[in-house]
2 protein chains.
Amino acid sequence: MSTSQGQRDAASASADDTENSRTPFYLQLRDRIAAQIATGQLSAHSRLPSERTLSEQYQTTRVTARLALGQLEAEGKLYRSNRRGWFVSPERIIYDPSLDVSFTDYVTKQGGVPRTETLQSTSLTVPAWLAQKSGLEEGSEIYHIQRRRYIDGRAILTENIYVNPAVCPGLLRFDFNQSLWKLMRHEYSVSLSDKHVTMYPTALTEPQAGILGVTPGTAGLYVNRISRNSEGVFIEFDEEFWLHDALCISVHAKG
Amino acid sequence: MSTSQGQRDAASASADDTENSRTPFYLQLRDRIAAQIATGQLSAHSRLPSERTLSEQYQTTRVTARLALGQLEAEGKLYRSNRRGWFVSPERIIYDPSLDVSFTDYVTKQGGVPRTETLQSTSLTVPAWLAQKSGLEEGSEIYHIQRRRYIDGRAILTENIYVNPAVCPGLLRFDFNQSLWKLMRHEYSVSLSDKHVTMYPTALTEPQAGILGVTPGTAGLYVNRISRNSEGVFIEFDEEFWLHDALCISVHAKG
DNA sequence: AAGTGGTCTAGACCACCAC
DNA sequence: TGGTGGTCTAGACCACTTG
């Protein structure tokens with residue numbers, strides 16, 4: 001196959017020849033597909049040809065084609081949906097986890113179509129790990145809400161929210177497919193003034209991968225937030241599992 | 001091979017049987033290796049057996065073994081070094097990009113051994129993209145510093161810093177293997193009071209992958225920060241490319 | 001020189017999804 | 001039911017790192 005390798009290099013040529021080694025074919029293929037995305041030949045949410053078709057088209061094997069697709073996925077330029085195919089990622093949503101702005105609002109403002117599903121809303125007893133984070137007593141009551149959120153019909157985040165019932169009694173009777181913060185502000189006059197946000201990139205595994213309908217190991221961003229009011233009373237602990245290509249975190253710090 | 005598949009499932013069994021489908025072998029293998037990390041049989045920075053050895057040991061092929069290793073890499077539990085092998089990731093460094101605390105200080109405080117290398121320090125003219133971000137005039141002078149930083153001998157981040165020469169005249173004569181912020185504070189009495197931090201997960205590609213000595217496509221976190229003083233004067237633009245398993249972002253927001 | 005991961009081939013069967 | 005991605009096999013050669 002040395003002949004075909006030579007042709008491949010000749011065909012892609014262009015940049016990146018700064019090093020003394022050949023550019024592997026899967027990176028050449030990555031760049032060709034990336035170019036089609038950049039020029040708009042492939043637009044957001046449009047589906048790519050199947051892996052088998054791509055392998056034929058570029059005269060390679062599925063394994064190599066998947067390497068190229070995996071690169072673009074890692075860069076956040078493509079995503080896949082279960083066994084349905086590969087799609088072009090839309091622009092990242094710009095998100096500031098330190099503000100209490102509603103998901104619905106900022107997605108809409110950025111041109112996306114948001115949707116929220118409530119998967120669970122129950123009352124639990126505080127487990128040890130949460131007692132430690134919140135300062136609540138282990139075994140006392142806590143509200144738990146689990147949601148899944150979509151942008152343009154794509155599930156991009158799932159979250160577990162734990163709310164202190166002392167500050168929001170009877171919360172569970174509401175509909176959580178709307179903004180929880182708006183609810184807390186308007187119904188309970190709760191204001192969150194002290195937030196501690198922690199986040200790191202990691203792979204999505206079960207059960208979150210299943211909830212979002214992606215392959216285990218898909219790159220994600222884990223974000224959690226502990227909110228207290230101005231007296232230091234614990235209000236909520238929220239943990240979010242995002243698809244890694246869906247968001248761009250933006251935080252302002254003054255002082 | 002249906003026989004050997006059956007044995008594999010029997011051997012791992014345990015959890016995750018909530019769904020009606022079999023757990024693929026590469027995930028079983030992932031869990032076995034993860035267990036060795038969790039129990040400390042494999043400790044931070046220790047090297048795993050070679051891919052070929054692992055494939056034999058677990059009676060599978062390199063491709064499948066690599067799938068398992070790739071999962072653990074995506075989760076931030078393993079990292080690889082060029083063609084040297086697979087290693088166990090140490091704890092993530094907790095990092096607050098909104099504070100001006102020195103890298104050296106917080107790495108040391110968290111039990112790591114930091115090191116900084118200056119790759120470049122030159123004077124440039126402001127390019128269009130930076131002019132837009134900073135408000136400086138395109139074509140005016142700007143200092144550029146490129147560094148690479150290590151923890152425990154592992155290169156985990158590379159950064160480009162662009163400093164306004166008006167607030168730090170003669171900056172380039174200093175040694176940048178120390179904290180830049182300490183330098184700015186002590187030599188120029190510069191205080192950064194307004195910071196805008198942006199970050200998102202993405203793959204590391206050339207040239208950053210090369211600088212850090214990792215395969216292109218390795219998961220990373222891109223962080224940038226625009227700092228101004230209390231009068232709104234642009235001080236620096238910093239962009240950092242981190243290995244995704246090396247850090248945990250932690251931000252406090254009050255008010 | 002030997003061993004490592006990096007790249008690549010040419011197939012196969014399975015689970016799931018859309019039609 | 002046919003096509004998709006998901007998983008897996010059993011090899012190969014290459015580039016690079018290490019002793």
Side-chain angles (χ1 to χ4, degrees), chain A residues 1-9 12 19-30 47-56 58-74 78-87 204-206 209-210 213-218, chain B residues 1-9 12 19-30 47-74 78-87 153 206 209-210 213-218:
Chain A
M1 295 292 128
S2 53
T3 306
S4 105
Q5 298 265 340
Q7 289 169 352
R8 287 162 174 178
D9 261 332
S12 91
E19 304 300 326
N20 47 6
S21 62
R22 277 189 57 261
T23 302
F25 184 61
Y26 76 95
L27 292 182
Q28 299 178 38
L29 182 46
R30 171 198 70 178
R47 209 187 127 224
L48 271 76
S50 76
E51 294 176 358
R52 287 170 180 81
T53 306
L54 284 170
S55 337
E56 278 183 36
Y58 292 99
Q59 301 193 52
T60 183
T61 59
R62 261 185 82 199
V63 175
T64 301
R66 278 171 69 83
L67 268 182
L69 295 168
Q71 287 279 320
L72 292 162
E73 184 186 34
L78 293 181
Y79 68 93
R80 46 183 144 174
S81 174
N82 228 327
R83 280 158 213 267
R84 302 196 310 112
W86 293 84
F87 299 84
L204 299 174
T205 55
E206 296 306 336
V214 298
T215 300
T218 298
Chain B
M1 293 297 126
S2 52
T3 306
S4 102
Q5 299 265 339
Q7 289 170 352
R8 287 164 175 177
D9 261 332
S12 91
E19 304 298 328
N20 49 6
S21 62
R22 277 189 55 261
T23 301
F25 184 61
Y26 77 92
L27 291 181
Q28 299 178 38
L29 182 47
R30 171 199 67 179
R47 208 187 128 223
L48 271 77
S50 77
E51 293 176 359
R52 286 170 181 82
T53 306
L54 285 171
S55 340
E56 277 182 38
Q57 213 170 95
Y58 293 98
Q59 302 192 50
T60 183
T61 58
R62 263 185 79 198
V63 174
T64 302
R66 278 171 71 83
L67 268 182
L69 294 168
Q71 286 279 321
L72 292 162
E73 183 187 35
L78 293 182
Y79 67 92
R80 45 184 144 172
S81 175
N82 227 327
R83 280 156 215 267
R84 302 199 309 115
W86 294 83
F87 301 83
E206 297 304 339
V214 297
T215 300
T218 298

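All values reported here derive from a predicted model rather than from experimental measurement. Below, read A as the first sequence line, B as the second, and so on, with proteins coming before strands; counting in each chain starts at 1.
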Grab the [atom1]-[atom2] distance between [X] and [N] for me, whole Å please.
X     : N      : atom1 : atom2 : value
A:N82 : D:dG3  : CG    : C1'   : 15 Å
B:Q71 : D:dG6  : CD    : C1'   : 12 Å
B:L69 : C:dT4  : CG    : C1'   : 13 Å
B:L48 : C:dG3  : CG    : C1'   : 16 Å
A:R30 : C:dC8  : CZ    : P     : 12 Å
B:Q28 : D:dG6  : CD    : P     : 18 Å
A:R84 : C:dA15 : CZ    : P     : 21 Å
B:L67 : C:dG6  : CG    : C1'   : 15 Å

Which sits closer to the 5' end of DNA chain C, A:R83 or A:V63, going by the nucleotide each is nearest to?
A:V63
For the atom pair OH (B:Y58) and CG (B:L29), what is the distance rounded to the nearest 0.5 Å?
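Reported value, rounded in 0.5 Å steps: 6.0 Å.
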Gap separating the OG1 atom of A:T215 from the CZ atom of A:R83, nearest 0.5 angstrom
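Answer rounded to 0.5 Å: 7.5 Å.
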Which heavy atom in [X] sits nearest to a heavy atom in [Y], and how many Å separate them?
X     : Y     : value
A:Y26 : A:T64 : CB-O, 3.8 Å
A:L54 : A:P49 : CD1-O, 3.7 Å
A:R84 : A:R47 : O-NE, 3.4 Å
A:Q28 : A:T23 : NE2-O, 2.8 Å

D:dC8, OP1 or OP2 - any side-chain N/O from B:T60 closer than 4.0 Å?
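So the side-chain polar atoms of B:T60 never come under 4.0 Å of the phosphate oxygens OP1 or OP2 of D:dC8.
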Using only side-chain N and O atoms of A:T61, determine if any of them is under 4.0 Å from OP1 or OP2 of C:dC8.
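Looking at the OP1 and OP2 atoms of C:dC8, neither is under 4.0 Å from any side-chain N or O of A:T61.
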Donor-acceptor pair under 3.5 Å: do we get one between B:R52's side chain and the base of C:dG5?
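Yes, a donor-acceptor pair under 3.5 Å.
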For the side chain of A:R62 and the base of D:dG6, is some donor closer than 3.5 Å to an acceptor across the two?
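Indeed, a donor on one side and an acceptor on the other fall under 3.5 Å apart.
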Contact class for A:R66 vs. all strands (heavy atom < 4.0 Å): base, sugar-phosphate, or nothing?
base
Determine the contact category for B:T215: base if any of its heavy atoms lies under 4.0 Å from a base atom, sugar-phosphate if only primed atoms, P, OP1 or OP2 are that close, otherwise nothing.
sugar-phosphate
Is it true that, when you exclude A:E56 itself, more than 12 heavy atoms of the residues, nucleotides or ligands shown sit nearer than 6.0 Å to its CD?
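No, because the 6.0 Å sphere around CD of A:E56 holds 12 heavy atoms or fewer from other groups.
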In this structure, which stretches of DNA chain C are paired as stems of three or more consecutive Watson-Crick or G-U pairs, both distances less than 3.5 Å?
C:1-18 with D:1-18
Nucleotide of D:dG5, C:dC8, C:dG5 approaching A:Y26 most closely (side-chain heavy atoms):
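The answer is C:dC8.
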Can you figure out which of C:dC17, C:dT9, C:dG5 approaches the side chain of B:S50 most closely?
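Within the option list, the nearest is C:dG5.
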